[in-house]
There are 2 protein chains.
Amino acid sequence: MAKGCSNQNKLQNCCPVERTLDLIGGKYKALILWNLVGKTLRFSDLQREVTAATPRMLTKQLRELEEDGLLSRKVYAVVPPKVEYSLTELGESLRPILESMYIWGTAFLHKQGRTPCCSMKELPKIQEH
Amino acid sequence: MAKGCSNQNKLQNCCPVERTLDLIGGKYKALILWNLVGKTLRFSDLQREVTAATPRMLTKQLRELEEDGLLSRKVYAVVPPKVEYSLTELGESLRPILESMYIWGTAFLHKQGRTPCCSMKELPKIQEH
DNA sequence: CGGTATCCGGAGTGATACTG
DNA sequence: CAGTATCACTCCGGATACCG
């Protein structure tokens, strides 16, 4: 059952809950996904949002998310370089999970007497389809 | 913003999404929580469910979940020893998150042509309150 | 039954410097 | 702008043995 499975093409978890966590549980991954919900951002934008991540780590997490089909990376052949990241349909389908985590986490932080550092204000309306 | 935060009382994430993941994202934690939803299990029961975890790791994850207030550990002063683990109210409140991860993960595994290894059949009905 | 104690290899990640 | 390369180090977590 997937020892040390960390998104390599090793043996992967087949428990749905664990499998989901494999995809979104990596360092900075949830934060990256959360920032990309309904938006397209460039690498430097993401660096600004995920301040704790070094370029190296940010790149690594983005590549893994791309491999797993959760986001797409669009490279423009211009100078200076321009790369845009956005969620795929599969990535957008994580939205309910991310939102319920956001809601739960907000309540939890308040119970601890702490203040959430990122708000939901810029999150677009949920689109039914 | 919480470098290397792994449930020690260091500096913790204040982003709700990341904070939630801090609590449930640890190794085997989601699986443990998932198995305890609506149920009470003994240590040996959990070992049977979370087969990949060594006693050492299982203990560690259980202790962290307890510290975070997600589950309670009840020790009976009998011989042989008897310890029961169950979710607290806070732990049970994670249910919607775990369920949406289960649903998403199941669909994802099917898209990959794989078969989920744990079913939902034994999960009790959702109790509104 | 329900854990602890100890050892230790290696994956994960930060820091720093460099590049097309 | 959007990364890559290299080094160094922490500490996660497996294996194994033991205990009240």
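Throughout, protein chains are lettered first and strands after them, A, B, ... in sequence-line order, and every chain is numbered starting at 1. Just so you know, these numbers come straight off a predicted model, no measurement behind them. Hydrogens, waters and symmetry mates are skipped; everything else that's a heavy atom, side chains included, is used.
Side chain of A:T51 to backbone of A:R48: no donor-acceptor contact under 3.5 angstrom is found.
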Which protein N or O atoms sit under 3.5 Å from an N or O of nucleotides 4-7 of chain C?
unit_1 : atom_1 : unit_2 : atom_2 : d
C:dT4  : OP1    : B:R63  : NH2    : 2.8

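Taking the side chain to side chain donor-acceptor pair (under 3.5 Å) definition, one finds that B:T88 meets it with nothing, sequence neighbours left out. Shown here are the ring pair (Phe, Tyr, Trp, His ring centres under 6.0 Å) partners of B:F43, two or more places apart in sequence or in another chain: there are none.
Distances shorter than 4.0 Å separate none of the side-chain N or O atoms of A:R42 from OP1 or OP2 on D:dC1. Within the 4.0 Å cut-off from OP1 or OP2 of D:dG14, at least one side-chain nitrogen or oxygen of B:K27 is found.
DNA chain C is contacted by both B:S44 and A:Y28; B:S44 maps to the nucleotide lying nearer its 5′ end (nearest heavy atom per residue).
At a non-hydrogen distance threshold of 4.0 Å, A:P80, A:P81, A:K82 from residues 75-82 of chain A come into contact with DNA chain D.
Taking NZ of B:K39 as the reference point, atom CG of B:L87 lies at 10.5 Å (rounded to 0.5 Å). Of the inter-residue distances, the one linking A:R19 atom CZ with B:R114 atom CZ reads 6.0 Å to the nearest 0.5 angstrom.
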Do A:K29 and A:E64 pass the salt bridge (Lys or Arg N to Asp or Glu O under 4.0 Å) test, and can you show the C-alpha distance, the side-chain angles, and the key distance before you say yes or no? CA-CA 9 Å; A:K29 279 187 184 175; A:E64 289 182 8; 2.7 Å; yes
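Other cluster members for B:V79: none, since no ILVMFWY side-chain heavy atom sits under 4.5 Å from it.
Listed candidates were C:dG3, D:dA2, C:dT13. Nearest to the side chain of B:F43 is C:dG3.
Each end of the helix from C:dC1-D:dG20 to C:dG20-D:dC1 gets its own rotation axis from five pairs of C1' atoms, and the angle between them is 60° to the nearest 10 degrees.
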